[in-house]
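Residue numbers begin at 1 in each chain, while the letters A, B, ... track the order of the sequences.
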2 protein chains.
Amino acid sequence: MKEDNKLLYYFNKWSAITKEEEATILSAFEPVTIKKRKDLLVSGQTCNYLYFITQGCLRSFYINSKGIEHIYQIRMDNSWISDLESFFSKSPAKYNIEAIEDSNMLRISHEQFEQLLIKIPRLERYFRILFQKAYINALNRLNATMWETAMDRYNEMLKENPEIFQRVPLVYIASYLGITPESLSRIRRQK
Amino acid sequence: MKEDNKLLYYFNKWSAITKEEEATILSAFEPVTIKKRKDLLVSGQTCNYLYFITQGCLRSFYINSKGIEHIYQIRMDNSWISDLESFFSKSPAKYNIEAIEDSNMLRISHEQFEQLLIKIPRLERYFRILFQKAYINALNRLNATMWETAMDRYNEMLKENPEIFQRVPLVYIASYLGITPESLSRIRRQK
DNA sequence: GTAAACACTTGACCTATGGTAAGAAATGAA
DNA sequence: TTCATTTCTTACCATAGGTCAAGTGTTTAC
C-alpha cells in the first residue's frame with residue numbers, strides 16, 4: 001500500500017522503528033475513504049477514531065445555537081484529524097468533521113491506539129512531539145486571533161499556506177480566520 | 001524538599017515511576033525563586049528552561065509594535081510555564097514571562113530535559129498527555145475567543161477559574177480574555 | 001508618613017467587523 | 001444547453017469593543 005508510506009515516514013522521523021514494528025503499526029490502522037461533502041463525524045456522536053489523511057482535505061467545525069458553522073481546522077494531505085477531546089475521553093463530540101474533497105485516510109481506534117503505544121512505547125515520543133508542536137501552533141494562532149487584524153491574519157495565511165486557497169472555498173477560509181465571507185471579500189478587494 | 005512532591009505526584013499519575021527514577025528526576029531539576037513583578041524571561045532571549053511552578057503565579061505575554069502587552073497565559077501552583085517554541089528550538093523567545101506573585105519553581109534545562117527522557121523514556125507518556133490536554137484546551141479557548149462574546153468568556157472564567165480573580169489584577173484578566181480593562185469594567189457592571 | 005505608582009471605573013466618541021439582502025459569476029447536473 | 005446550486009462580491013446599516021481622557025481609591029517604596 002503506497003499510501004502507508006508517509007505515515008511511517010513521519011513516525012520514523014522522531015522515533016526510529018524497526019521493520020517488525022512497521023508491520024505492527026500498519027496492522028493497527030485501517031484504510032477508509034470519504035466523498036466530498038460527506039460527514040466523517042457528527043457532534044453528539046463519540047469520535048472513535050484518529051485519522052491520518054493520506055490524500056484529501058477535511059474541515060472540523062462546530063455549530064452554534066443559531067445553527068451557524070464555525071470552522072476551527074482545515075487539514076490536508078499527511079496530517080491528522082479527529083475530535084481529540086471526544087477520542088481520548090470517549091465523550092460526545094462537540095465538533096463535526098466533513099470532507100471538503102474526496103479523501104483517503106488511515107484510521108486507528110482508541111483501543112488499538114492504546115495497545116499500539118503499549119506494544120511500541122517509543123511511539124509516545126512521536127505523539128509527544130506531535131502534540132507539542134500542535135500546542136505551540138494553537139497558541140500562536142490564539143494570539144493572532146486575539147491581537148492581530150483580520151487583514152494581517154489573511155496575509156499571513158496567504159504567505160504560509162497558499163495551497164489552501166487553491167483547494168478550499170473562501171467561505172471556509174473566512175470562517176477559519178474568524179470572520180464572515182463578506183469581510184474576507186472586503187479585505188481581498190482592498191489589497 | 002516538600003515542594004518536589006507535587007511534581008512527582010503528577011509524573012506518577014500518568015506513568016508510574018520507581019524510587020530510583022524519582023531521584024533521577026529530582027536531580028534534573030533545580031529550585032528557583034522569583035519576586036513579584038520580576039522578569040523570568042524577556043523576549044529576544046532564548047528560553048533555556050521549562051519551569052514547574054510549585055507555588056506562585058506568573059503571566060506570559062507579548063509586546064506588540066505599539067508597546068502594548070498582550071497576555072496569553074496566566075499560570076498558578078502546580079503547572080508548567082515556559083516559551084515552548086524558544087525552549088525546544090533554541091530560538092529567540094517571542095514572549096515574555098513575569099511574576100505576578102513571589103513564586104517558587106523547579107526548572108529543568110533543555111539538555112537535562114532531553115537526557116531525562118532518554119534515561120526514563122516512560123516520561124514521554126507523561127509529556128505526551130500533558131501536551132495533548134494543553135492542545136485540546138488551546139483549541140477550545142481559540143473557539144471561544146473567535147466565536148463567543150467577551151461577556152460569555154468572562155462568565156466562563158468566573159465559573160471555571162474563580163481563584164484567579166482573588167490573585168490576579170483585572171487588567172491582566174482583561175488582556176487574557178482579549179479585551180481592554182475598560183471593557184471588562186463595563187461587563188462587570190452590567191451583571 | 002507621604003509621594004509615586006498601580007488598580008479600577010466612567011464617559012464620550014470611533015472603527016472594524018457583523019447582519020441582512022441582493023445580485024453576478026462560476027460550477028455542476030440533467 | 002439549460003437550470004439549479006454554489007461561490008463570491010457589493011451596499012447599507014448596526015453594534016461590540018476600542019481609544020482617549022479623566023477621576024478615585026489603594027498599594028508600594030523611601
Donor-acceptor pair present, A/Glu182 side chain and D/dC8 base, under 3.5 Å
no

Selection from D/dG18, D/dC8, C/dG18 that lies nearest to any side-chain heavy atom of A/Ser183:
C/dG18

Please confirm whether A/Arg141 makes a cation-pi placement over A/Tyr176, using NZ or CZ under 6.0 Å from the six-membered ring centre and within 45° of the ring normal.
yes

Salt bridge present between A/Arg122 and B/Glu124 (N-O < 4.0 angstrom):
no

Classify the ring geometry between B/Phe165 and B/Tyr154 as parallel (under 30°), tilted (30 to 60°) or perpendicular (over 60°).
perpendicular

Taking atom P of D/dT15 as reference, at what distance in whole Å does atom CD of B/Gln190 sit?
14 Å

Nearest of C/dC8, C/dT10, D/dT10 to any side-chain atom of A/Ser185?
D/dT10

Atom-pair distance (CZ on A/Arg189; P on D/dT7), nearest Å
21 Å

Atom-pair distance (CD on A/Glu148; C1' on C/dT17), nearest Å
17 Å

In whole angstroms, the gap separating P of C/dT10 from CG of B/Leu170 amounts to 12 Å

Mind checking whether A/Trp80 and A/Phe127 have ring centres under 6.0 Å apart?
yes

Quick check: does any side chain N or O of A/Arg125 sit under 3.5 Å from a backbone N or O of A/Trp14, one acting as donor and the other as acceptor?
yes

Quickly, which of A/Tyr72, A/Phe61, A/Phe87 forms a ring pair (Phe, Tyr, Trp, His ring centres under 6.0 Å) with A/Tyr95? Name it, please.
A/Tyr72

It should be established whether A/Arg188 places a side-chain nitrogen or oxygen under 4.0 Å from OP1 or OP2 of nucleotide D/dC8.
no

Under 4.0 Å protein heavy-atom contact, by nucleotide of nucleotides 24-30 of chain D - B base, S sugar-phosphate only
----S--

Which of the following nucleotides, D/dC8, D/dG18, C/dA7, is nearest to the side chain of B/Thr180?
D/dG18

Nearest-nucleotide pick for B/Thr149, side chain only, options being C/dT17, D/dG17, C/dG11
D/dG17

When rounded to whole Å, the CD1 to P distance for the pair B/Ile68 and D/dG17 reads 18 Å

Under the 3.5 Å rule, do the base of C/dG19 and the side chain of A/Arg186 count as making a donor-acceptor pair?
yes

Would you mind reading off the distance between A/Met146 atom CE and C/dT17 atom P, rounded to a whole angstrom?
16 Å

In whole angstroms, how far is the P atom of C/dT10 from the CD1 atom of B/Ile187?
13 Å

Would you kindly give the NZ-to-P distance between B/Lys66 and D/dC20, to the nearest whole Å?
8 Å

Is it true that atom NZ of A/Lys36 has more than 12 heavy atoms of other residues, nucleotides or ligands lying nearer than 6.0 Å?
no

